[in-house]
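Encoded as structure tokens, the structure appears first; notes follow it.
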Amino acid sequence: MQVGGFQDIAVASSGGYNNPIYTETAFASATMRILFIHADYMEYEVREKTKDALPIPDELKHGKIDEALVCFITAEEKDEKDVGGTSRAAVKEIQDVAKTVKTTRVVVYPYAHLSPSLAKAAPAREMFGHIAEDLVEAGYEVMSSPFGYYKSFKISCKGHPLSELSREIEVTAEAKKEEVSEAVKAEEKLVSEWFILDPSGKLSPLSIKDGKVDGFDFKSHVNLGKFAIYEMAKSREVKEEPPHTKIMRELELVDYEPGSDPGNLRYYPKGRLIKSLLEEITTRTIIDYGGMEIESPIMYDFEHPALKSYLNRFPARQYVLETPNKKTFLRFAACFGQFLMAHDMTLSYRQMPMRLYELTRYSFRAEQRGELAGLRRLRSFTMPDCHAFCTDMGQAKSEMLVRFGVAMSLLGNIGFSVPADLELSIRVTKDFWENGKEHALEMARRWGKPLLLEMWDRQFFYYVMKYEINFVDASDKAAALTTDQIDTENAKRFDITYIDADGKRQFPYILHLSPAGAIERNIYALLEKAYMGMKAGKVPILPLWLSPTQVRLVPVSSDQLEYCKSLLSRFESVRADLDDTDDSLNKKIRKAEKEWVPYIAVVGRKEVESGKLNVRERTGKEQTEMTVEELQARILTETKGRPFKPLSLPKPISLRPGFRG
RNA sequence: GCCGCAGUGGCUUAGUGGUAGAGCGGCGCCUUGGUAAGGCGCAGGUCGAGGGUUCAAUUCCCUUCUGCGGCUCCA
């Protein structure tokens, strides 16, 4: 079995029994093997010692039980790595099977013959002990046959289909339970107070009453109200499929990839183009701001002390993978690579704030299965991550304000109305608030409308303050697009220092900015925004600079086809294509509208004669006569300051394969 | 991860314990059309996968994969 390959499932036939299924997973998770037989009775007799035998009392040398689930269990070498996890997983499997065959009696039978790579005696004995104890605790009557002896046994297998079922079961997932980070656990104990902070500095405490947020009048701030409920209330009722997932597939942008892990998507040419443009504008914006773009590995040593300790302060679950020589985890952000790099840097206070930037393609988070949602929540995503290393809290705060401005302007350039389309949240420790509320008040002023403030009773994470710029979608769910944090811990953890004016080594404060959230979330938010506009009676559209096709040339008949082809080459830095099919004019218009093409240029006999285009605008539907150059100038004006990339598909649309029907 | 719902040709779907129809799309022919579906014809499905029950399963049962909703959680 290769790392990263598909699961191999070999089915061996086994006489009249159900087929045993052998499975192996890619990584070195525990794979204890169990053969289940639901028996009318089972009886064993100890014969001889093996080298691993410990003395046992006489009463254990013989055993008999009626109507029981007999579990022949082999502990394998791999299981030694996680004795507790493997045992728990095995118990769970046994309970599942016992429930299925409706029995409360279980035989735990150490059975070495199911694996060529046995565990050593001590850990194996321990695992069998745990399994038997846990089963007793769960209320089962358990007969354990002794470990380390040759035994004879008699068994009478029941006849009916489900119960006589014998299988070998893979026992893997549960073993990972202990690797949930401390921060994930800490969050359960987190105590928060909530407020609305308005630009004038007024603080209104919020509370929850009957599922509604009380303490502020949300009449003229409807989305802020939805956002507050989303953050504070624990129950939400939504039924429909998120609109953006439907649209992302209909427009042939992005799709699910069942052949990968959930939350890892595939991008068709149009989707890749959009994502690529968003990546470009983000990277360009951060470089303009002063970010130094670097690149770092995507996997890291699980046992590296600083990394491991950081993992436990970050509320996320990791993809863990086994390399030929170590256990590694996939990065969930660019922090690891940048901090390890910063650790080795020589840094003077004169060079600060110092900004490192990387666009992570990808960051990985092993989100729980039910947490995944289209482009909103993924297991692998592209995150721009820019850390600023600051001399002190004062510099950290003022640098954060600079970055806040950068983020607002970036979101505006992408195509959001800022702040109208978005909601700001600020989260602080009580201590930070009491000593530095002026910082939050300044952000409130710059934001210009009320925001949600969360106050923690103490510091649970590596940061004392963070803000998020959130998008509230068509289902009233919220997702953070931008976030920045003041990190007070990681400089020490990674031993990152700078030399101050007195020549002394000091630890910097570190800001963690994701300036436009995950790139995927921008696409999600743009699609949801288009959908909400549609529900309000507007025509859905993408920002012009992101529209895969900006101009579609539509000849009225095939007589104008050659002429249209010659027009194509006159468009520069504009994505123009051509409907060269022999569909009717109506049909060609309809196709272009369904693709959300912003400008449809119809060319018939009249246009060939006049040398102009008859341009149909998506928004408004009015038809305007203009030349190629006029249309091009208009598009260039409307997309000014944004990156351009050429169309990622053949210009004659008849040459395009259908990516999904 | 847990609980619930869903999965039928490339897409959207109808339907049934006796191996399936439609529209779109595709292909072919006709049509040369002035701003959201021109006409005719053809091909295409082991009904997500594996197993079980049954004389017979797409339909019933179990398992599994993928998606959605809820819990939980986030960029």
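Proteins come first, then strands; the chains are lettered A, B, ... in the order of their sequence lines, and each starts at number 1. Because the structure is predicted, anything quoted here is derived from the model rather than measured. Heavy atoms only: backbone and side chains are in, while hydrogens, waters and symmetry mates are out.
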Quiz item: Do A:Asn614 and B:U35 share a donor-acceptor pair, side chain to base, under 3.5 Å?
Solution: yes
Quiz item: Can you find a side chain N or O atom of A:Tyr256 that sits less than 4.0 Å from OP1 or OP2 on B:C68?
Solution: yes
Quiz item: How far does OH of A:Tyr599 sit from CG of A:Leu613, to the nearest 0.5 angstrom?
Solution: 12.5 Å
Exercise. Between B:G17 and B:U72, how far apart are the C1' atoms? Round to whole Å, please.
Key: 41 Å
Exercise. In whole angstrom, give the distance that lies between atom CD1 of A:Ile653 and atom P of B:G25.
Key: 12 Å
Quiz item: When you measure from the side chain of A:Glu593, which nucleotide among B:A37, B:C74, B:A36 comes out closest?
Solution: B:A36
Exercise. Report the residues that fulfil side-chain contact (heavy atoms from CB on, under 4.5 Å) with A:Pro242, sequence neighbours left out, ordered by chain and then residue number.
Key: A:His244, A:Thr245, A:Glu528
Practice problem: For A:Glu607, report the nucleic acid contact type (base, sugar-phosphate, nothing); a contact means any heavy atom under 4.0 Å. | Solution: base
Quiz item: Nearest nucleotide by nearest heavy atom, which residue falls closer to the 5' end of RNA chain B, A:Thr245 or A:Ile469?
Solution: A:Thr245
Exercise. Between B:U66, B:G34, B:A75, spot the one nearest the side chain of A:Val602, thanks.
Key: B:G34
Quiz item: NA contact type, A:Arg365, heavy-atom cut-off 4.0 Å: base, sugar-phosphate, or nothing?
Solution: base
Self-check item: Between B:A37 and B:C65 - C1' atom distance, rounded Å
Solution: 37 Å
Quiz item: So A:Thr382 and A:Glu279, side-chain contact (heavy atoms from CB on, under 4.5 Å) or not? Walk me through it.
Solution: CA-CA 8 Å; A:Thr382 300; A:Glu279 290 169 358; 3.9 Å; yes
Quiz item: Given B:A75, B:U32, B:U35, which nucleotide is nearest the side-chain atoms of A:Ala480?
Solution: B:A75
Exercise. Establish, with yes or no, whether the OP1 or OP2 oxygen of B:G38 is under 4.0 angstrom from a side-chain nitrogen or oxygen of A:Ser584.
Key: yes
Exercise. Give the rounded distance in Å between these two atoms: OH of A:Tyr319 and C1' of B:A75.
Key: 15 Å
Quiz item: Would you say A:Lys587 reaches B:G25's phosphate, i.e. side-chain N/O to OP1/OP2 under 4.0 Å?
Solution: yes
Quiz prompt | Any-strand Watson-Crick or G-U partner of B:U13, both distances under 3.5 Å | solution = B:G21
Quiz prompt | Integer angstrom distance from the P of B:G33 to that of B:A14 | solution = 40 Å
Quiz item: Contact class for A:Lys466 (heavy atom, under 4.0 Å): base, sugar-phosphate, or nothing?
Solution: sugar-phosphate
Exercise. Please work out if A:Leu378 contacts a base, only the sugar-phosphate, or nothing of the nucleic acid, heavy-atom cut-off 4.0 Å.
Key: base
Quiz prompt | Pairwise C1' distance for B:U59 and B:U19, with rounding to whole Å | solution = 11 Å
Quiz item: Tell me: CG of A:Leu411 to P of B:A75, nearest whole Å?
Solution: 15 Å
Quiz item: Is a side-chain donor-acceptor pair under 3.5 Å present for A:Asn413 with A:Thr285?
Solution: no
Self-check item: Spacing of the P atoms in B:G41 and B:A22 (rounded, Å)
Solution: 12 Å
Quiz item: Does A:Tyr319 have A:Arg365 sitting over its ring (NZ/CZ under 6.0 Å from centre, angle to axis within 45°)?
Solution: no
Quiz item: Which nucleotide in the set B:A75, B:G34, B:G69 lies at the smallest distance from any side-chain heavy atom of A:Lys477?
Solution: B:G69
Quiz item: Which of these nucleotides, B:C68, B:C74, B:A37, is closest to any side-chain atom of A:Tyr230?
Solution: B:C74
Self-check item: With A:Asp579 via side chain to side chain donor-acceptor pair (under 3.5 Å) - residues at least two apart
Solution: A:Thr581, A:Lys591
Quiz item: Which part of the nucleic acid does A:Thr483 contact within heavy-atom distance under 4.0 Å: base, sugar-phosphate only, or nothing?
Solution: sugar-phosphate
Quiz item: Starting at CG of A:Asp583 and ending at P of B:C29, how long is that distance when rounded to a whole Å?
Solution: 15 Å
Quiz prompt | Identity of whatever pairs with B:C40 - Watson-Crick or G-U, under 3.5 angstrom | solution = B:G28
Quiz item: If you check the A:Lys606 side chain, which of B:G34, B:U72, B:U66 turns out closest?
Solution: B:G34
Practice problem: May I ask which nucleotide in the shown strands pairs with B:G1, Watson-Crick or G-U wobble, both distances under 3.5 Å? | Solution: B:C71
Practice problem: Return the nearest nucleotide to the side chain of A:Pro258; candidates are B:U72, B:U66, B:A75. | Solution: B:U66
Practice problem: Report which part of the nucleic acid A:Gly374 touches: base, sugar-phosphate, or nothing (heavy-atom distance under 4.0 Å, all strands). | Solution: sugar-phosphate
Exercise. Please report, rounded to the nearest Å, how far the P atom of B:A75 is from the CG atom of A:Asn522.
Key: 15 Å
Quiz prompt | Separation of B:C74 C1' from A:Phe332 CZ (nearest whole Å) | solution = 12 Å
Quiz item: What integer number of Å spans the C1' atoms of B:C47 and B:C60?
Solution: 15 Å
Quiz item: Which sits closer to the 5' end of RNA chain B, A:Asn586 or A:Asp261, going by the nucleotide each is nearest to?
Solution: A:Asn586
Quiz item: So what does A:Ala478 hit on the nucleic acid, given a heavy-atom distance under 4.0 Å: a base, only sugar-phosphate, or nothing?
Solution: base
Exercise. Quote, to the nearest angstrom, the P distance that separates B:A57 from B:C61.
Key: 16 Å
Quiz item: Does A:Arg249 have a side-chain nitrogen or oxygen under 4.0 Å from the phosphate oxygens OP1 or OP2 of B:G67?
Solution: no
Quiz item: Say you pick atom C1' in B:U58 and the same atom in B:G39; how far apart are they, in whole Å?
Solution: 35 Å
Quiz item: B:G34 base to A:Gln623 side chain: any donor-acceptor pair below 3.5 Å?
Solution: no
Practice problem: Round to a whole Å and report the spacing from CZ of A:Arg590 to C1' of B:A36. | Solution: 6 Å
Quiz item: Rounding to a whole Å, what distance do you find between A:Asp579:CG and B:G33:P?
Solution: 17 Å
Quiz item: Of the candidate nucleotides B:U32, B:G69, B:G67, which contains the atom at the shortest distance from the side chain of A:Pro242?
Solution: B:G69
Quiz item: Which one, B:U12, B:A75, B:A36, comes nearest to the side chain of A:Arg660?
Solution: B:U12
Quiz item: In terms of heavy-atom contacts, does CD of A:Glu257 have more than 12 from other residues, nucleotides or ligands at under 6.0 Å?
Solution: yes
Exercise. Describe the nucleic acid contact of A:Asp385 in one word from base, sugar-phosphate, nothing, applying a heavy-atom distance below 4.0 Å.
Key: nothing
Quiz item: Got a donor-acceptor pair under 3.5 Å from the side chain of A:Glu367 to the base of B:A75?
Solution: yes
Practice problem: Assign the ring pair A:Tyr310 / A:Tyr462 to parallel, tilted or perpendicular, where the plane angle (0 to 90°) is split at 30° and 60°. | Solution: perpendicular
Exercise. Test the A:Lys275-A:Tyr267 pair against the cation-pi criterion, namely NZ or CZ under 6.0 angstrom from the six-membered ring centroid and within 45° of the ring axis.
Key: yes
